[in-house]
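What follows is one structure encoded as structure tokens, with my remarks underneath.
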Amino acid sequence: MGVLVDSQKEGFGSSWGGFKSLVRRKQVDSAHSKRSGHHQLAKELTVPHLIAIGVGSTIGAGVYILVGTVAREHSGPALAISFLIAGIAAALSAFCYAELASRCPSAGSAYHYSYICVGEGVAWLIGWALILEYTIGGAAVARGISPNLALLFGGEDSLPIFLSRQYIPGLDVVVDPCAAILVFIVTGLLCVGIKESTFAQGIVTTANVCAMIFVIVAGGYLGYNTGWAGYKLPTGYFPFGVDGMLAGSATVFFAYIGFDSVASTAEEVKNPQRDLPLGIATALSICCGLYMLVSIVIVGLVPYYAMDPDTPISSAFASHGMQWAAYIITIGAVTALCSTLMGSLLPQPRILLAMARDGLLPSFFSDVNKSSQVPIKSTLATGLVAATLSFFMDVSQLAGMVSVGTLLAFTMVAISVLILRYVPPDEVPFPSSLQESIDSVTLRYSERISGKNPETSTFVDSSQPLLGNKNVVVDCPIIEKQEAQAYWTLTEQNRRKIAGWTIMLLCVGAFGLTFAASNVWIPSLIRLTCCGVGGVLLLSGLIVLTCIDQDDARHNFGHTGGFICPFVPLLPIVCILINVYLLINLGAATWARVSVWLLIGVVVYVFYGRSHSSLLDAVYVPAAHADEIYRSSGDSLA
């Protein structure tokens, strides 16, 4: 049996100052924890809604440009294989998201999972990074709509004066009224209700998918008639080699970012254990299929070296006498951007809501409108900031910062799966108001352990000798066998320690290996040493986690009956390695900007979040006692 762990005595709560407060973890939201008084979000979403969110958030206008750039510089005719490899890599993260989303179906996505599995400090940084991602991402998408919209009306200067971009000499900025207006329209739509906004996103996404299907069908017809000239080249299918194809995969991987928006709506799904994994998997499969088919067609129509890097698809059709196809492709680009804008602004209020519920942000962000059951205040705040940025700033240079939040989230989700399987939290926090029930249950367990409880103890009459009055020589081979087994058997406590240290060293190894492999400026001896040590840590971690048993508590952790991630520990480890590699290769300038934002987040946490956390006065008890404490507190309240 576990023993009560009080935050005041053992340091699992607010009495831990500084570093120790960073590791406190919250419990999975359950039927018991709904008593906190928070208004719940509307449970309106089903699998079709989730597919619309996932596909709409993932397929942006970038794919209409990306195919030309990657084919010219990296993949050549093997562009479809690059998309396939990138899709498989994205699927690794999707598997991890699917398990955690079905086990922990509450608002907050990766922030929520990190808080449950890793700790408050890491969860705060993930949430803070995601705030940056969705804010900058939404503003960048909104700024990209007006140029594409202008193309439909004949050119850059064809938009009405109140929508077209204007240069303000005094401020030396180019304002974009169209971007700000679109952000406000999407914000208002999100405030109406999750079902209504998702329906609108589904319509826009359908228009985008139809444009891509037109490209596939019409392009396939042209390619069939012209003999697929792009594949009949002397350079072969891999003009840049396998390395070029893999480099192309690393570039197009970012075209799959967006499916994580599905997980952010987990609290609003009617049947999260079934629908969330289906929604994530189907959305990612549709995106991968469309990307590959478009790539196959476009690369076959025009040789890769002759592609226009800015308008590869329109130029490919124009070279075959179909200039009018540019209008359909532009409509597809505009609808893709509008759908991505919705996908960028949708998760942000839910992350603010989750952080405010946990006390790390002001309670202003946790208010849920009673009629629409939407976090309207968080949504309006998100829309206002995104509209301001899109109106005044050209955030294209900050676009790289969007990827940092996503890749950090992907990495922490994979680590959370390993923690959940091998060292799930064995203690859960309770508010100090339940101290009386906690003490009562603790006393009851103590009595059972000491043998004072007649229901669980066996009393022996000590007045009678166990062996009567006969002198008997007793041989005890069973005891000797048990002692030998105990010597060789790994105890549960030691297993958890080994698993915990292995996961930590595994992450260190992944960082060391990818950092040394990616930075050629490091002296060769140091670089090879780091690669060797990192590779040994990774391989050793994989072997150790494969050999030791997973924790039995994983079967009852969170909401059971949902999706189970396959191939653990191999799949999460490969996922960590891929995402850390991509993070390191984002560039020093991007990391310098992100570091400033993260430092601001540290200051906010130190001066506000840490002292207002809902776990400030929490009392941690063994997870095995939790249900009995809830029942005891319910009886006392009744």
Side-chain angles (χ1 to χ4, degrees), residues 26-54 56-57 97-98 100-113 115-116 123 127 130-131 134 138 186-202 259-280 342-383 558-559 562 614:
K26 70 175 184 178
Q27 69 179 117
V28 181
D29 294 334
S30 64
H32 299 299
S33 59
K34 299 300 184 186
R35 299 174 183 173
S36 56
H38 295 299
H39 291 294
Q40 299 303 307
L41 302 177
K43 285 190 172 294
E44 298 283 356
L45 302 183
T46 57
V47 173
H49 297 107
L50 299 178
I51 294 174
I53 293 173
S57 302
Y97 264 98
L100 291 174
S102 60
R103 284 183 182 269
C104 314
S106 294
S109 187
Y111 157 79
H112 182 61
Y113 314 144
Y115 206 161
I116 291 170
L130 289 176
I131 290 174
Y134 292 124
V186 171
T187 301
L189 190 60
L190 292 174
C191 290
V192 174
I194 183 64
K195 192 172 183 179
E196 292 77 7
S197 61
T198 305
F199 179 76
Q201 187 174 13
F259 69 85
D260 51 312
S261 297
V262 176
S264 67
T265 63
E267 190 174 319
E268 295 155 289
V269 179
K270 290 182 178 180
N271 187 351
Q273 281 70 42
R274 182 198 66 185
D275 293 351
L276 280 170
L278 282 175
I280 292 173
M342 294 181 184
S344 297
L345 297 182
L346 175 66
Q348 172 88 324
R350 282 138 187 89
I351 292 174
L352 294 174
L353 168 74
M355 297 176 76
R357 282 177 176 175
D358 296 328
L360 304 183
L361 288 177
S363 59
F364 168 86
F365 296 106
S366 64
D367 291 343
V368 176
N369 185 269
K370 293 182 180 180
S371 59
S372 63
Q373 292 183 279
V374 169
I376 287 185
K377 293 181 180 179
S378 297
T379 304
L380 291 175
T382 299
H559 298 248
S614 60

How would you list, by chain and number, every residue that makes a side-chain contact (heavy atoms from CB on, under 4.5 Å) with [X], sequence neighbours excluded?
X	answer
A354	Y111
A263	Y97, A101, S109, Y113
N271	Q273, R274, D275
K377	F364, D367

Taking the side chain as C-beta and beyond, is there a heavy-atom pair between [X] and [Y] under 4.5 Å?
X	Y	result
I116	R103	no
L41	I194	no
H559	V28	yes
V262	L276	yes
L45	I53	yes
T382	Y134	no

Quiz item: Does any N or O in the side chain of S378 come within less than 3.5 Å of the main-chain N or O of F365, such that one atom is a donor and the other an acceptor?
Solution: yes
Self-check item: side-chain contact (heavy atoms from CB on, under 4.5 Å), paired with L353, selected from L361, T379, V368, V374
Solution: V368
Exercise. Could you walk me through whether M342 and L189 pass side chain to side chain contact (heavy atoms under 4.5 Å, CB included), step by step?
Key: CA-CA 9 Å; M342 294 181 184; L189 190 60; 3.9 Å; yes
Quiz item: Any side-chain hydrogen bond (donor to acceptor under 3.5 Å, both in side chains) pairs touching residues 186-198, not counting sequence neighbours?
Solution: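 Every pair satisfying side-chain hydrogen bond (donor to acceptor under 3.5 Å, both in side chains) with a residue in residues 186-198: there are none.
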Self-check item: Contacts of Q201 that satisfy side-chain hydrogen bond (donor to acceptor under 3.5 Å, both in side chains) - sequence neighbours left out
Solution: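 If we apply the side-chain hydrogen bond (donor to acceptor under 3.5 Å, both in side chains) test to Q201, skipping adjacent residues, there are no hits.
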Quiz prompt | side-chain hydrogen bond (donor to acceptor under 3.5 Å, both in side chains), paired with E268, selected from K43, Q373, R350 | solution =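 With E268 as partner, side-chain hydrogen bond (donor to acceptor under 3.5 Å, both in side chains) holds for just one option, R350.
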